[in-house]
Amino acid sequence: MNTSITRRQFAALMGGTTVASTLSLPAFAQDGKTLVFALPGLVGNFEPHTWVGFGDTVHVMDTVARGLTHMDFDNPLPQPAVAESWTISDDGTVYDFTIRPGLTFHDDTPIDAAAVKRTFDRMFDETDPTRPDASFAADNLGGANVKGFDTPDDMTFRIMLNAPDAAILGRLTRPDMIIISPTALEQHGKEIGLNFVSCGPYKISSVTPNERAVLEAFDNFYGGKPAIERVVMQVIPEPVAQMTSLASGDLDVTNLIPHSNVDRLEAMPGIRIEQSAAFISLTLAMNVEVEALSNINVRRAVSLAVDRQAIIDEVFFGKAEMPGYITPAAEQGYAPEHMELSRSDTEAARALLEEAGAVGTELTLISENQGFWPRLGQVVERSLNEAGFVVTVEYLDTGTFNAQLFDKTAHELAFVQRSAFFPDPDGRFSPLYGSSTSAAQEITAQTSLPEQAELDARIAAANAESDPEARGRLYVELNTFMAEQMMPVAALVNTFLPVAVSDDIQGVNANALGTYRTFLENAAPAN
Amino acid sequence: MPTTRADQHRFRLPTLTGALRLLPWLVVGLLIFAAIAAPLIAPYDPIKNVGSPMLAPFSPGHPFGTDGFGRDQFSRILHGLGPMMFVSVGAVALAVAVGGAVGLISGVMGGWLDWMIMRAVDILMSFPLILAAILVLVALGASTFNLMLAVAISQIPIFARLTRALAAGEVVRDYVMAARASGFGMLHVMVSEVAPNILRPLLVQATSVVAVAALTAAALSYLGMGARPPEPDLGYMVKEGQELIFIAPEQTILPGLVIAIFVLAISFCGDQLNEREGG
Amino acid sequence: MTGPLVQIENLTVRYPLGGGLGARGVLGLAPTNLEVQRGELLAIVGESGSGKTTLGRAMLRLIPAEGAIHFDGTEIIGLGRRELAQMRSRMQMIFQDPYSSLNPQKTVGRTLSEVLAHVGIPRAERRARAEELLSQVGLGADAYPRLPRAFSGGQRQRIAIARALATGPDLVVADEPVSALDVSVQAQVVNLLLDLKAERGLTMVFISHDLGLVSAIADRIGVMYFGRLVEIGPAARLSRSPAHPYTALLNDSMPPPSVAAARATLEAAAQTGAVELPSLMDPPRGCPFAPRCGHASASCRETPPALHPHPAGGLVACHHPLNTD
């Protein structure tokens, strides 16, 4: 196809379909000082300890706030942020963080150990009047495993654990672990989300719900003042509108465009697609309490029946990777031999089914009804049926889908997506497959399998190992164990969010954007 | 004839003259034929991947190319006609039956019953049609039949209103009084006296509303609340194709065009019937 | 049984104002007392809007009314739906406009046989009975399968008469049965009604605006004005020596023998009188005819007159009745 069409011509071509969304964009872009970023939505509430939505809870939060540690997605290990260094006690249960000196919040309040402790206390103290109703931050830090906090001196903050948790440094990089200004908290209480003050590279200048958030570079950011003066986070929910805005130069960075359009956009002058690692894993969860799926050979047959190459080609237009098992290739705990655990082989699937006397087994698969899910549903339905299953897919709106997903009496097969807010190998296992989680109890119901006790033990042992190399080996074995002994999920493919960037901008953290994180402090005008 | 909301939302179509007047009837006839004969004339299975490449361009083997799954687009569009007509015509038929019955009772009985029914209809009509349909689909789940039901429910108030107005116009006429004087009950008055006299204008109006119903159904399918993929559904095909608009615009344009042609042709037919009815 | 066939006591009709629940009404028929004797032809005369059609319909309980109607000894206002339906066949109505009183979607045969079925005639006999009825009103059996639009106005009114007779009624209320018809056929239809009345011994209430016509055919005449019966008495007396000034006005405006001319005069009178007609919304305190009456006194404007016996026979509602000697 002819690719010499210019961005302007392209935008003009497409203008008719998306006028409404592009007209509302003020002329921010292209002055060299402003970066325009596309948001899927914006409520305008940046309360960090409860989930508002990707726009508020992730994209804006990542840009205006920072925690003790930071995951830059280039280095697999967490990096210093508000904490300039830390020490870990020999038994792995006490972490002392040294607060970087001279830092302030956006409201000029100095950052010290007491300020940090104020934020963490708010997560755990249910009597704290500033605490939001559905605060989930405590669970994300470690829940009952967190014994308490302390401030041995003005600039040292201490976290005490009951049992070692090697993932804690990674957990501290989550967007809900950021440090809130105690002055602002004192002043606004429960309304802190509407008057949010933290210490990220940008500070909030103005917020118009469902339209945009305007952010200004912060002089006293620990990494230095960002090169780009202003970030405009503009709500552009429709993929087609994003592509049009990108083509017209009204949008600089987005991670929301459909995979189908990557090649087309890449061919356009002035836009590039930044390749990011495939941190997003897609799995087909099997409810083992459903009679047909209680036989592990039937579950193995499901995994063998999935045509993964067709998923890569027809659903992700080549922008996805063959999976190992649970851990993607970009993370610790992966080994190439895991690919054999997720082999696609229709004949072998059929043979297993015949052996189990389960040819013609009827199964219902629930899927969301938007984004790439319906395409995925069609390919999976087709390939399972080729192997001898009789699969029906139900396409549900997100709310209904989630309700049925977390109810083991309401589904048989279900799609589950897992991205890495921070790439720690434990994040792939304990939140989804540990027996205390609602995912293991309701999505796969695997807690009823006899092998679950050993799985729990192996997860605990792997996470207790602080030597990175030994830890990695344990997770490699964990993948193999779960696939061979349990197979509660079939790995489908691993993918990433395509990140489209204007050639006017460089230094965008594509790996982070490819897995829903937004770190723009190193972005700078090109040339 | 009383105006309905459907009228207010419709553009005024130009009046066709001469032989052109036959055109919309021919188009509708052709589409109905294609819908019925789809299993015979479609070259491929609309659901199966036939081993063709994805998004193949137009060719003699695939007159409309293939879709993002390598399925023959021509066959999918042919097979999508039936559901579109089932939903739009079925929904209107159901809405005429239910709305007609309610409106007939209201218009003939009059009094407090009429007052209550019409206030209820007012409340229903204050909902946007599409929202009412969405609520129904959220409650019932997405399927072609439920889509038909949802569109029907959204149209019921329109027909209740219209029938009530027509019935109230008939019920004051002397033949109704004569029937009552002969000792006939209200049921006989409704079914045997009034109904036959309002059927024609009602059906003429129904034809026009089929176009509205087809559009509503397409919009709901577009929102993913209609047929379950991979069943071919024109509204859903528009949605599926939309993200491909930069690389394969025909994926969204062709099914959209077919919907537009059907809706336009039905509207022209409805207008011609309306003219004859003197509306 | 003896006594009047119909005896009306304080029959009152209120029309609702506007729509909705709890709407107030206006008086369409002021409380009226009236008797219809067996076998008589009682004519009700008045201008349009005088309430004569309302009286006719209320008498058959075709519109909601208050008061009491004794039909052959049975009070029918208080009757339930089922009992009323049984009485219906004994009292029938013929409407003014034969173009709207026949269902345009039904053949003549269907219209008649539905009624015959309703009064319990077995299916096998219906066609023969319907054709017999058609022949009695002067139509051939070929009318049976045809729709009303195939007929002229006069023929349609004959069909409507056949329908009314199909139930075998004792009482027929004919509401201006000829006024919508061509002048050339008016006399035929009136004669048909008189013949049928005589043959079947019917009691008939004949509503008309045409005092000239009814004084030739009626036994008694009632005159209505503004929803009230203002005079009632033997036909001969009313046309010869009217007691109410309004009856006199109707009489004066009647140059016999031309029916058409009489109607024109009456309509002209109604037209010119229109500005003086009292408002239903704001009824006058005294006699409603006072503004148009040459004999009106102060008491006429204050006190509404009640019906009193007139020395020459009948009743009259007037403070200053004419022809009292």
Side-chain angles (χ1 to χ4, degrees), chain B residues 2 100 103-123 160-161 163-204 276-278, chain C residues 16 18-23 53 56-57 59-64 81-106 110-112 114-120 147-148 156 159-161 163-167 169 171-173 175-176 180:
Chain B
L104 196 58
I105 291 171
S106 194
V108 172
M109 299 303 284
W112 63 270
L113 191 62
D114 176 35
W115 190 87
M116 303 253 289
I117 290 176
M118 281 305 116
R119 293 300 79 76
V121 165
D122 282 344
I123 291 167
R161 263 278 166 81
T163 310
R164 189 244 171 215
L166 291 169
E170 288 300 312
V171 82
V172 298
R173 300 186 58 177
D174 288 344
Y175 72 85
V176 174
M177 190 73 85
R180 289 184 48 215
S182 300
F184 290 114
M186 281 307 189
L187 192 64
H188 172 94
V189 167
M190 285 181 219
V191 176
S192 181
E193 304 293 337
V194 175
N197 282 292
I198 61 175
L199 201 60
R200 266 168 60 99
L202 202 58
L203 290 183
V204 167
R276 282 178 39 165
E277 193 64 21
Chain C
L21 294 173
T53 293
R57 293 187 174 191
M59 196 186 289
L60 299 186
R61 236 197 99 175
L62 288 172
I63 52 176
R81 237 185 11 205
R82 189 161 304 164
E83 295 93 337
L84 180 67
Q86 300 208 320
M87 298 295 287
R88 283 259 182 250
S89 59
R90 300 187 56 191
M91 40 187 175
Q92 283 295 298
M93 184 143 196
I94 296 164
F95 294 87
Q96 173 175 7
D97 181 4
Y99 290 86
S100 86
S101 70
L102 295 174
N103 190 330
Q105 301 291 331
K106 286 185 183 172
R110 184 161 166 218
T111 297
L112 292 178
E114 275 183 0
V115 175
L116 291 168
H118 193 68
V119 294
L147 284 168
R156 287 187 200 205
I159 295 165
I161 292 167
R163 173 180 60 193
L165 297 180
T167 66
L171 170 72
V172 170
V173 175
D175 183 6
E176 304 239 30

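This is a predicted model, so every value here is computed, not measured. Chain letters run A, B, ... following the sequence lines, proteins first and then strands; every chain starts at 1.
Taking C:I63, C:L84, C:V115 one by one and counting their heavy-atom pairs under 4.5 Å with chain B, the maximum is reached by C:V115. When the candidates C:R110, C:Q96, C:R88 are compared by the number of heavy-atom contacts under 4.5 Å with chain B, C:R88 comes out ahead.
The side chain to side chain contact (heavy atoms under 4.5 Å, CB included) test applied to C:T111 returns C:K106, C:R163, not counting sequence neighbours. For B:L199, the side chain to side chain contact (heavy atoms under 4.5 Å, CB included) partners are B:L203, not counting sequence neighbours.
Neither the backbone nor the side chain of C:L60 comes within contact range of chain B; no heavy atom of the residue lies under 4.5 Å from a heavy atom of that chain. Neither the backbone nor the side chain of C:R81 comes within contact range of chain B, judged by heavy atoms closer than 4.5 Å. Neither the backbone nor the side chain of C:Q86 comes within contact range of chain B, judged by heavy atoms closer than 4.5 Å. Neither the backbone nor the side chain of C:M87 comes within contact range of chain B; no heavy atom of the residue lies under 4.5 Å from a heavy atom of that chain. Using a 4.5 Å cut-off between heavy atoms, C:Q105 touches chain B through backbone and side chain atoms alike.
In this structure, OG on B:S182 lies 7.5 Å from NE2 on C:H118, to the nearest 0.5 angstrom.
Chain C is approached within less than 4.5 Å, heavy atom to heavy atom, by B:G183, B:F184, B:H188, B:S192, B:E193 from residues 183-193 of chain B, ordered by number. Within residues 169-179 of chain B, the residues having any heavy atom less than 4.5 Å from a heavy atom of chain C are, in residue-number order, B:R173, B:D174, B:Y175, B:M177, B:A178.
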